[in-house]
Student: 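My structure is below; once you've seen it, I'll send some questions.
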Amino acid sequence: MSTQVQNEVLKVLEERHSVKQYQVGHQIPKEVLEQILTATSQAPSAWNLQHWKLLVIDDQAQKEKLLPIAYGQKQIVESSVVIAILGDLEANKNADAVFGPAVDAGFMPQAMKDNLVAQIEGAYQHPQVARDEAIRNASLAAMQLMVAAKSLGYDTCPMGGYDAGKFVEAFNVPSRYVPVMLISLGLAATPARSAGRFSLDQVVVSNSF
Ligand SMILES: Cc1cc2nc3c(=O)[nH]c(=O)nc-3n(C[C@H](O)[C@H](O)[C@H](O)COP(=O)(O)O)c2cc1C
């Protein structure tokens with residue numbers, strides 16, 4: 001990666017902040033939204049199982065329905081789109097679709113796929129693993145969404161402040177998926193206040209505790 005590209009990425013990371021006030025009524029062009037969602041789905045994931053489902057809520061009536069579930073946070077109705085990041089609790093079922101094409105194309109021996117699938121099925125015997133993996137991997141996709149949006153001039157706010165049970169019920173989320181977070185997406189009306197961060201001294205531990 002060139003230094004220039006690297007610096008642009010760092011700039012986007014530095015400039016991303018949670019925006020809560022949006023230009024109401026702005027419609028994100030379809031191709032821009034698709035670019036953001038494509039970048040989201042390029043996130044890394046364990047075994048490449050892609051443990052995410054992206055529920056895109058752009059219908060105003062649906063956003064109004066979501067508003068009380070998200071405790072009245074107005075970015076729900078004022079942003080252009082709310083994306084619910086869902087984690088896949090049964091991502092092991094994606095294994096065939098993920099590895100099958102590689103075997104068919106001759107990139108992966110069948111025995112390697114069988115070995116990977118056995119490993120995955122072994123891990124998914126444990127519900128805690130399935131849940132941890134769903135949340136861990138879908139969270140990486142969420143971060144990727146926020147960075148991609150910022151790089152294209154849009155802003156976001158990740159939200160954990162909502163009633164997940166009510167959300168599942170109101171939006172008919174299948175039991176296969178666990179809600180990870182909501183993300184509002186739109187054009188900022190006012191820039192976000194820059195929240196501070198701990199210094200490296202406070203967060204970095206060298207080699208061992
Ligand atoms: C998992 C998660 C849940 C959050 N939930 C909310 C929320 O419900 N409402 C809100 O306004 N901000 C929420 N935030 C935004 C945080 O308050 C914000 O990221 C943090 O203060 C750092 O500020 P910055 O994002 O502007 O750098 C959440 C952030 C994360 C990562």
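Note that ligands are numbered from 1 as they come in the structure, with each ligand's atoms numbered from 1 the same way.
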Student: When you compare ligand 1 with Gly161, is there at least one nitrogen or oxygen pair between them that comes in under 3.5 angstrom?
Tutor: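 Such a contact does occur with ligand 1.
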
Student: Hey, does the Lys NZ or Arg CZ of Lys93 hover above the aromatic six-ring of Tyr124, less than 6.0 Å from the centre and inside 45° of the axis?
Tutor: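 Here Lys93 fails the 6.0 Å and 45° test against Tyr124.
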
Student: Only pairs under 3.5 Å count here: list side-chain donor-acceptor contacts from residues 197-209, not counting sequence neighbours, and write none if there are none.
Tutor:
| unit_1 | atom_1 | unit_2 | atom_2 | d |
| --- | --- | --- | --- | --- |
| Ser199 | OG | Gln202 | OE1 | 3.1 |
| Gln202 | OE1 | Ser199 | N | 2.8 |

Student: In the protein, what heavy atom is nearest to atom 18 (C) of ligand 1, and what distance, to one decimal place, separates them?
Tutor: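 I find the closest protein heavy atom is Ser18 OG, 3.5 Å.
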
Student: Is there a polar contact, in the sense of an N or O pair closer than 3.5 Å, between Gly160 and ligand 1?
Tutor: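 Among all N and O atoms of Gly160, at least one is under 3.5 Å from an N or O of ligand 1.
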
Student: I need the atoms of ligand 1 closer than 4.0 Å to a non-hydrogen atom of Ala195, numbered in the order shown.
Tutor: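 This gives 22 (C), 23 (O) as the contact atoms.
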
Student: Between side-chain atoms of residues 176-192 and protein atoms elsewhere (two or more places apart, or another chain), which donor-acceptor pairs fall under 3.5 Å?
Tutor:
| unit_1 | atom_1 | unit_2 | atom_2 | d |
| --- | --- | --- | --- | --- |
| Arg176 | NE | Asp88 | OD1 | 2.8 |
| Arg176 | NE | Asp88 | OD2 | 3.4 |
| Arg176 | NH2 | Asp88 | OD2 | 2.9 |
| Arg176 | NH2 | Glu90 | O | 3.1 |
| Arg176 | NH2 | Asn94 | OD1 | 3.1 |
| Ser184 | OG | Tyr22 | OH | 2.9 |
| Ser184 | OG | Cys157 | N | 3.4 |
| Thr190 | OG1 | Gln21 | OE1 | 2.5 |

Student: What part of Cys157, side chain from CB on, backbone N/CA/C/O, both or neither, has a heavy atom under 4.0 Å from ligand 1?
Tutor: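 The part of Cys157 near ligand 1 is the side chain, not the backbone.
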
Student: Does any N or O atom in Arg193 lie less than 3.5 angstrom from one in ligand 1, N or O only?
Tutor: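 N/O-N/O distance below 3.5 Å does not exist for this pair.
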
Student: Is the closest side-chain donor-acceptor distance between Asp114 and Gln110 under 3.5 Å?
Tutor: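 The criterion, which ignores hydrogens and geometry beyond distance, is satisfied for Gln110 and Asp114.
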
Student: Please report the shortest heavy-atom distance between Tyr162 and Ala70, naming the atom on each side.
Tutor: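 Scanning both residues, the minimum pair turns out to be CB-CA, 3.7 Å.
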
Student: To check your reading of the model: name the closest protein heavy atom to atom 9 (N) of ligand 1, its residue, and the distance in Å.
Tutor: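 Atom 9 (N) of ligand 1 sits closest to the protein heavy atom Gln73 OE1, 2.7 Å.
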
Student: Could you measure the distance from the CD atom of Glu15 to the OG atom of Ser151? Nearest 0.5 Å is fine.
Tutor: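 Those atoms lie 11.0 Å apart.
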
Student: Just checking, is any N or O donor in the side chain of Trp47 or Gln119 under 3.5 Å from an acceptor N or O on the other one?
Tutor: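 The answer is yes; a qualifying pair exists.
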
Student: Looking at atom 1 (C) of ligand 1, is any protein heavy atom nearer than 4.0 Å to it?
Tutor: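 No; the ligand atom in question lacks any protein heavy-atom contact below 4.0 Å.
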
Student: Please step through side chain to side chain contact (heavy atoms under 4.5 Å, CB included) for the pair Ile83 and Thr40, ending with a clear verdict.
Tutor: CA-CA 11 Å; Ile83 296 151; Thr40 305; over 6 Å; no

Student: For Ala192, is the nearest heavy atom under 4.0 Å from an atom of ligand 1?
Tutor: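 Contact absent.
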
Student: Between Pro158 and ligand 1, which residue portion shows a heavy-atom distance shorter than 4.0 Å: side chain, backbone, both, or neither?
Tutor: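 For Pro158, the contact with ligand 1 is made by both the backbone and the side chain.
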
Student: Is the CD atom of Glu14 crowded by more than 12 outside heavy atoms at less than 6.0 Å?
Tutor: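 12 or below, so no.
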
Student: Please write down residue, atom name and distance for the protein heavy atom closest to atom 27 (O) of ligand 1.
Tutor: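 Looking at atom 27 (O) of ligand 1, the protein heavy atom closest to it is Arg197 NH2, 2.8 Å.
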
Student: Are any of the protein's heavy atoms under 4.0 angstrom from atom 22 (C) of ligand 1, yes or no?
Tutor: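 Within 4.0 Å of atom 22 (C) of ligand 1, protein heavy atoms are found.
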
Student: At under 4.0 Å between heavy atoms, which part of Glu15 makes contact with ligand 1: side chain, backbone, both or neither?
Tutor: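 It is neither part, as no heavy atom is under 4.0 Å.
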
